[in-house]
Amino acid sequence: MMLRPIGILGGMGPEATILLQRKLVEAVPVRDDRDHIPLLIDMNTQVPSRIAHLIEGSGEDPGPTLAAMARRLQDAGAVALAMPCNTAHHYAKAVTDAVTVPLLNIVDLAADHALRELGAGGCVGMLASPAVRRTCLFDTALQARGLSPVWPADDDMMLAAIREIKVNGPSDKARETLRASSKALVKAGADLQLIACSEFSLIADIVADDAKALDTVDLLVRAIVGFSQTGCSAS
């Protein structure tokens, strides 16, 4: 089977990009190195802060940097692009406008999956950055499909947990925050919870025991494998 290279806009954060690569290694049965999905990874830790731009209102627009990364990856031979950072999809148009290859959009993948899983009228709990909530990134996609998003009440607590993971890795403190938020979403009536922050993907195993949860990075992995193997995105 001819496998086609996928370009990864990475570094947001580095551990999340490494997690995506590890999941891709685990996602395909192999007999040889050549059976693995070929990746072109731009591990750019210098992408301007999405939090500073979207929440604090003082940071540089990440769009031009992401567009430049996309062009580099296309020029290097990528046939499609992917970003493991959910929040960075606020700038998806900057990426797609810069290239002619498709972006495997994690938001659309997640919203389509939720609709298939729940049907119109379902309630989707969001374990994501407050920046995603503020921009209505997932809300718009879910509502367009007849789904209702529900969020944890404390944005500050969620943001603090994300920053904790960026600085100290998957700490006990961050795990406590995510588990408490997941439990709250169960009580709020969420039929499905989306782990839609790649920092939270690092501690996805800590959600409430009775929560039906899905990591959006896993959907992206599936789409990358499908596109590389067949040229058709999968969600």
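Heads up: numbering here begins at 1 and tracks the sequence.
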Under the side-chain hydrogen bond (donor to acceptor under 3.5 Å, both in side chains) test, residues paired with [X] that sit two or more places apart:
X	result
K166	E199
K173	none
S201	D215
D139	W151

In terms of hydrophobic clustering (I, L, V, M, F, W, Y; side-chain heavy atoms under 4.5 Å; direct or indirect links), are M43 and L103 co-clustered?
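No, no single cluster joins them.
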If two hydrophobic side chains count as joined below 4.5 Å and joins carry through other members, does I195 share a cluster with L115?
no
Inter- and intrachain pairs under side-chain hydrogen bond (donor to acceptor under 3.5 Å, both in side chains), touching residues 34-51, at least two apart
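For residues 34-51: D42-R72.
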With side-chain hydrogen bond (donor to acceptor under 3.5 Å, both in side chains) as the rule and sequence neighbours excluded, what pairs involving residues 179-189 come up?
R179-D209, S182-Q193
Please test V28 against Q229 for side chain to side chain contact (heavy atoms under 4.5 Å, CB included), starting from the C-alpha separation and ending with a verdict.
CA-CA 10 Å; V28 292; Q229 291 179 341; 4.0 Å; yes
A side-chain contact here means heavy atoms from C-beta on lying under 4.5 Å apart; do [X] and [Y] qualify?
X	Y	result
P84	L19	no
R134	I55	yes
V221	L20	yes
L220	I224	yes
I206	F200	no
L214	E117	no
L185	P152	yes
H89	V95	no

Which one of L73, T96, L81, I6 satisfies the side chain to side chain contact (heavy atoms under 4.5 Å, CB included) criterion with V101?
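Passing option: L81.
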For [X] and [Y], indicate whether the former's side chain and the latter's backbone hold a donor-acceptor pair under 3.5 Å.
X	Y	answer
S228	P5	no
T230	F227	no
D191	G122	no
T17	G11	yes

Mind checking the [atom1]-[atom2] spacing from [X] to [Y]? Nearest 0.5 Å is all I need.
X	Y	atom1	atom2	value
M158	T177	CE	OG1	8.0 Å
L24	I41	CG	CD1	8.5 Å
M157	I162	CE	CD1	11.5 Å
D154	L159	CG	CG	10.0 Å
L178	I203	CG	CD1	4.5 Å
S198	I18	OG	CD1	12.0 Å

Check R145 with D112, please: is the shortest side-chain N to carboxylate O separation under 4.0 Å?
yes
Which residue pairs pass the salt bridge (Lys or Arg N to Asp or Glu O under 4.0 Å) test when at least one of the two sits in residues 9-24, sequence neighbours left out?
K23-D218
Give the C-alpha distance, both sets of side-chain angles, the deciding distance and a yes or no for side chain to side chain contact (heavy atoms under 4.5 Å, CB included) between Q21 and I8.
CA-CA 9 Å; Q21 188 174 10; I8 307 299; over 6 Å; no
Give me each pair satisfying ring-ring contact (aromatic ring centres under 6.0 Å, His included) with a member in [range], each pair once, sequence neighbours excluded.
range	result
residues 55-79	none
residues 126-145	none
residues 173-198	none

Got a sec, which residues hit ring-ring contact (aromatic ring centres under 6.0 Å, His included) with Y91, two or more places apart in sequence or on another chain?
H53
Taking only residues two or more places apart in sequence, or in another chain, which ones meet D32 in a salt bridge (Lys or Arg N to Asp or Glu O under 4.0 Å)?
none
